[in-house]
Amino acid sequence: MKRLLYTLLFFNLYVSCKNPIETRNTGLITKNAMAVSARVEASIIGNDILKKGGNAFDAMAAMQLALAVAYPYAGNIGGGGFMVYRKANGDIGSLDYREKAPLAATKDMYLDKNGNVIPEKSTLGAMSVGVPGSVAGIFAVHEKFGSLPIEDIIKPSINLAYKGVVVTKKQEAKIKRYQPFFLKANKDSILFNKVWKMGDTIKYPALAKTLERILDHGKNEFYKGETAKRLVNFIQENGGILTEEDLAKYTVKWRTPTTFMYDDLKIISMSPPSSGGVCLAQIMTMIEPYDLDNFGHNSVKSIQVITEAERRAYADRSFYLGDPDFVNIPGETLISKTYLNDRMSTFSFEKATVSSDVSHGNVQVVESNETTHYSIVDPFGNAVSVTTTINGAYGSKLYCSDLGFFLNNEMDDFSSKPGIPNMFGLIGGDANSILPEKRMLSAMTPTIVEKNGKLFMTLGTPGGSTIITSVLQTILNVHEYNMTMQEAVNAPRFHHQWLPDEIRMEPNSFDTTLIFQLEKLGYTINEKDSPVIGKVDGILVLDDELLEGGADHRGDDAAVGF
Ligand code: DON
């Protein structure tokens, strides 16, 4: 927390005099616009759209498709996502195009007759696939806010798919690593079972044809047309339960984002069925009373405060959060100062709290009658923050060669059985149990930050359960520790999620003395299991209104702008 405005002002001036931005590690700086994503090809397509007069929403739709071509690891039309936006006039909103459970899904569908979770059933192959929302998401955004013709949005990705995408070093390693799983999930070997080396070009003609049909026939092609039929046949032939009715019934939801204040920042983030906004609000409200800037970046005290807040927020997540169309979430109470101050009352700098002593907090669940409403205004100055996923790396690993894309394994984001962790080690209960047409709880945290009523930052990241804490640390790095956007993205990250009771740290990034001090206070440190925590892509509005991109070097991420 920055308590004294004068101190803040002085400190900022001091830092900016002592450390002018030109001499610091900054990302791309541009004057007008910028697109930052996991692949330069997608950032270029987004930037081209903006250059030719399209708005951020046109670019959002075009980049979702471009990532489906250029970044099959996670980019998709076989998955879903969330978009948070802020328009130039200050209007904010969000779109939920998250996958849904198929109509034939049941609470115990991943359990054997003895009630045990069947390994890999919710993560690998056709049974793990949720009803995809991405194509509906693209069309919803374009219909509502887009300004360019749909050809301009889809054509660049069709061209890219025919032309092909060059394999990067990181991609070569990823493809190789997951090849055994591709063989396991698919009846035949797939495009990605070939030996692909850095510098090779992978062409995607089947995906190009699917996108051409979508261009010709619109959203219905994917949800009711020939593509829908071919997709359902493929999934069923592979033992899945998804039907044509599932696709035909899929709808996106425009939702009110979760908003809260932290010092002079207004944070706008995704509301349920993502846990991102609520957890971020909980953690930031719990840590606000502490002098993090004085404690220092990644100091013992800062790590303690943040860890203890994370522990408590993730405990609540596992109990209270799920699809708001199916469960009552006491949203306002969960992010209220009174409740959260009380949650932190058991924290002491002397000793780590033990996760087994921290259950979810005690909150009275009340009926909520919220209605969602959004308005449309002129486009320029809009900011958009989108996180999209097929869940695991290459999703379910099930690749529809006929249509040219991977299917998600988002069903694993449900709680298959209370108390049993999913692939991110997250535990859930009834609020996130499986029901037909329910959306699985997400941690995706597309976020926009305002400062003094103006756009300040837009950011987000992949990383499963570590998404929320990576977004948190990036905001704090800029706000509390005066980093540039790029420095904030680069800085080593740590993560705690209540259970398992450990602080995960990026390896070889934290000082051994610091680790020793934390261990002495009772914290368990795990530097093994997360070689990378998050891959944050953000844009910061600088004092002179220039834009600074932060593209994460942990991936092949790139900022492009003008
Ligand atoms: O929605 C979620 O929270 C997860 N399906 C996100 C998965 C993810 O970030 C994978 N990336 N590492």
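Heads up: numbering here begins at 1 and tracks the sequence. Below, all heavy atoms of this structure are taken into account, side chains as well, without hydrogens, waters or symmetry copies. First listed ligand is number 1; within each ligand, the first listed atom is number 1.
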Query - Atoms of ligand 1, numbered as shown, that sit under 4.0 Å from any heavy atom of Phe424 - result: 7 (C), 8 (C), 10 (C)
Query - Cation over ring face, Lys176 and Trp196, 6.0 Å, 45° - result: no
Query raised in the report: To which protein heavy atom is atom 10 (C) of ligand 1 closest, and what is the distance rounded to 0.1 Å?
Result: Asn391 O, 3.0 Å
Requested in this report: Indicate the ring-plane relationship of Phe494 and Phe510, choosing parallel, tilted or perpendicular according to the 30° and 60° boundaries.
Outcome: perpendicular
Report task. May I ask you to check whether Pro462 has an N/O atom sitting below 3.5 Å from an N/O atom of ligand 1? Result -> no
Report summary line: The closest protein heavy-atom partner of atom 1 (O) of ligand 1 is Ser442 OG, 2.7 Å
Query raised in the report: Phe406 pairs by ring-ring contact (aromatic ring centres under 6.0 Å, His included) with which of Tyr394, Tyr71, Tyr204?
Result: Tyr394
Query raised in the report: Does an N or O from Ala443, backbone or side chain, lie closer than 3.5 Å to an N or O of ligand 1?
Result: yes
Report summary line: Checking heavy atoms under 4.0 Å, the part of Glu410 that sits near ligand 1 is side chain
Report task. Kindly indicate whether a cation-pi arrangement holds for Lys174 with Tyr73, taking the cut-offs as under 6.0 Å to the six-membered ring centre and within 45° of the axis. Result -> yes
Query raised in the report: If only atom types and distance count, is the side chain of Lys266 paired as donor or acceptor with the main-chain N or O of Tyr262 below 3.5 Å?
Result: no
Query raised in the report: Side chain or backbone of Ile467 under 4.0 Å from ligand 1, or both, or neither, by non-hydrogen atoms?
Result: side chain
Requested in this report: Show which atoms of ligand 1 fall inside a sub-4.0 Å distance from at least one heavy-atom site of Arg98.
Outcome: 1 (O)
Query raised in the report: What protein heavy atom is closest to atom 8 (C) of ligand 1, reported as residue, atom name and distance in Å?
Result: Gly464 N, 3.2 Å
Query raised in the report: Would a 4.5 Å heavy-atom cut-off, applied to side chains only, mark Cys400 and Leu407 as touching?
Result: yes
Requested in this report: Looking only at protein heavy atoms, identify the closest one to atom 4 (C) of ligand 1 and say how far it is in Å.
Outcome: Asp413 OD2, 3.2 Å
Query raised in the report: Under 3.5 Å, is there a donor-acceptor pair between the side chain of Ser43 and the main chain of Ala558?
Result: yes
Report task. Would you please classify the geometry between the Phe145 ring and the Phe57 ring as parallel, tilted or perpendicular, with 30° and 60° separating the classes? Result -> tilted
**Report entry** Nearest non-hydrogen protein atom, atom 12 (N) of ligand 1
**Finding:** Gly463 N, 3.2 Å
